[in-house]
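Before any comments, here is the structure.
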Amino acid sequence: MTAAPGPGGPSHPVPSPPADRPESLADLLGGRRGAVDATAPPVAFALGWLVTGHSLVGGVAAAVLTGTAVAAWRLRRGDRPRSVLIGLLAVCVAALIALRTGRATDFFLVQVLSNVASALAWVVSIVIRWPLLGVLVGVAVRQGGRWRRDPALLRAYGRGSWVWAATYALRVAVFVPLYLGGQVVALVVARVALTWPLVASALAVSWLVIRRSLPAGHPGLRHPVAGPGPAPEPGTEPGAGTKRERPPRGERPLR
C-alpha cells in the first residue's frame with residue numbers, strides 16, 4: 001500500500017499495483033479524490049449564486065456548506081485532519097474575500113493566485129535541482145531525499161516536473177482572462193475541466209517522461225541508485241605527494 005497525497009500531502013492509502021506491471025506515478029501519488037473534492041465547493045458556489053439571483057450570500061453559503069460536508073466525508077474516509085482543515089480553510093477564505101469585495105469572481109481569486117504561485121514554485125524547483133515531483137514521490141514512498149543521489153532519477157524528475165509546471169501555466173492562462181472578465185460560470189467550468197482531467201493527464205504524461213528518461217535496467221522510483229562519488233582532488237590520489245626514490249648510481253631500477 002502507498003500513500004496518495006491530498007491537498008496537504010499524503011493522506012490515505014491506495015492499492016498497490018499488480019505485480020506484473022511497474023508502479024506508476026498514479027499508484028504512488030493518487031490525486032483523483034483530492035482533485036474531485038476540490039471542485040465541489042466552486043460548483044456549489046456557482047449553483048447557489050445562480051439559484052438565488054446572483055446573491056453572494058447564497059453562493060457563499062452553498063460553498064461553505066458543501067466544503068464542510070466534503071471535509072466531514074474526507075475525515076471519515078481517513079484523510080489527515082491537517083489536510084482536510086487546509087482545504088476547508090481555503091473555501092472559507094475565498095468566501096470571505098468575495099463577501100468583502102462584493103464581487104462573485106473574487107471567490108476564485110485564491111484559486112488564481114495559488115496557481116500562479118504553483119507555476120513559479122515548480123519552475124524554481126527545477127532550476128535549483130530540487131524538482132517538486134521528486135520531492136512528492138520521496139515523501140510518498142518515505143525515502144526522503146535519497147533520490148537526489150541518483151543522477152538518472154534527478155534528471156528524470158526534472159523533466160517530469162516540467163509537465164506539472166506546464167499544467168499550472170495553462171490554468172493561469174485560462175483563469176486570468178476569465179477572472180478579469182467577470183465570467184463566474186466560465187470560471188467554474190474551467191475549474192472542473194482543468195482539475196481532475198488535467199491532473200490525470202499530467203500523471204500519465206510525466207510518468208511516460210520519467211520512464212523514457214531512466215536508463216534500461218534502472219530498478220525504479222523506489223530504489224535510487226547512488227551515483228559515483230566525486231573525483232579525488234589533485235594531490236589526494238593514493239600515493240600522491242610522495243617522491244619516487246631514485247636507485248643508487250650503478251643499480252638498475254626494479255620493474
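All values below come from the heavy atoms of this structure, side chains included, with hydrogens, waters and symmetry mates left out. Along the sequence shown, residues are numbered consecutively beginning with 1.
Atom NE2 of His223 is separated from atom CD of Gln143 by 9.5 Å, given to the nearest 0.5 angstrom. The line from CG of Leu88 to OG of Ser83 is 11.5 Å long, rounded to the nearest 0.5 Å. Within the model, atoms CG of Leu99 and CG of Asp106 stand 10.5 Å from one another, a figure rounded to the nearest 0.5 Å. Atom CZ in Arg155 sits 12.0 Å away from atom CD1 in Ile210 (nearest 0.5 Å). Considering CG of Leu132 and CH2 of Trp164, their distance stands at 11.0 Å, rounded to 0.5 Å. Distance check, rounded to the nearest 0.5 Å: CG of Leu198 to CZ of Arg191 gives 12.0 Å.
Between Leu133 and Ser206, the closest heavy-atom pair is CD2-CB, 4.2 Å. Across every non-hydrogen atom of Gly67 and Pro41, the tightest pair is CA-CG, 4.0 Å. Here the closest heavy-atom approach between residue Thr52 and residue Gly59 is recorded as OG1-N, 4.4 Å. Considering all non-hydrogen atoms of both residues, Val64 and Ala95 come closest at CG2-CB, 4.1 Å. Closest heavy-atom contact between Gly48 and Ala62: CA-CB, 4.1 Å.
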Exercise. Which is it for Trp162 and Val123 under the side-chain contact (heavy atoms from CB on, under 4.5 Å) test, yes or no, and what are the steps along the way?
Worked result: CA-CA 7 Å; Trp162 281 115; Val123 172; 4.1 Å; yes
Exercise. Yes or no on side-chain contact (heavy atoms from CB on, under 4.5 Å) for Leu153 and Leu214, after CA distance, side-chain angles and deciding distance?
Worked result: CA-CA 7 Å; Leu153 264 184; Leu214 292 177; 4.0 Å; yes
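Stacking of Arg149 on the aromatic ring of Trp147 is not recorded, the 6.0 Å distance cut-off and the 45° axial limit not both being met. Annotation: cation-pi pair Arg148/Tyr157 absent, no NZ/CZ under 6.0 Å from the ring centroid and within 45° of its normal. By the 6.0 Å and 45° rule, Arg171 does not stack over the aromatic ring of Phe175.
For the pair Trp130/Val135, a side-chain contact is recorded, criterion being any heavy-atom separation below 4.5 Å from C-beta on. Side chains of Val209 and Val163 form a contact here, defined as non-hydrogen atoms less than 4.5 Å apart. For the pair Pro131/Leu154, a side-chain contact is recorded, criterion being any heavy-atom separation below 4.5 Å from C-beta on. Considering only heavy atoms from C-beta on, Leu56 comes within 4.5 Å of Phe45 through its side chain. A 4.5 Å side-chain heavy-atom check between Thr167 and Trp122 finds every atom pair outside the cut-off. Inter-residue side-chain proximity for Val112 and Val172 is flagged as unmet; no heavy-atom pair is nearer than 4.5 Å.
The hydrophobic cluster containing Ile86 does not contain Ile97, counting ILVMFWY residues as joined when their side-chain heavy atoms lie under 4.5 angstrom apart, directly or transitively. One hydrophobic cluster, built from ILVMFWY side chains closer than 4.5 Å, holds both Val176 and Leu113. A single hydrophobic cluster is not seen to contain both Tyr168 and Val110; linkage of ILVMFWY side chains at heavy-atom distances under 4.5 Å, directly or through other members, places them apart. Follow the hydrophobic side-chain contacts under 4.5 Å out from Val205 and you never reach Leu170; the two are in separate clusters. There is a path of hydrophobic side-chain contacts, each under 4.5 Å, that joins Leu50 to Val184.
Of the possible donor and acceptor atoms, none in the side chain of Trp196 sits under 3.5 Å from a partner among the backbone N and O of Ala193. Gln111 places no side-chain N or O within 3.5 Å of a backbone atom of Leu187 that could act as its donor or acceptor partner. Panel note: side chain Ser55, backbone Trp49; no donor-acceptor pair is recorded below 3.5 Å. For the pair Thr195 (side chain) and Thr39 (backbone), a donor-acceptor distance under 3.5 Å is absent. In terms of modelled atom types and a separation under 3.5 Å, the side chain of Asp150 and the main chain of Val225 share a donor-acceptor contact.
A donor-acceptor contact under 3.5 angstrom links the side chains of Thr105 and Arg103, judged on distance only.
Under the 6.0 Å cut-off for aromatic ring centres, Phe108 and Tyr179 do not qualify, their centroids lying 6.0 Å or more apart.
Leu75 belongs to a hydrophobic cluster with Val84, counting contacts under 4.5 Å between side-chain heavy atoms of Ile, Leu, Val, Met, Phe, Trp and Tyr, direct or through other members.
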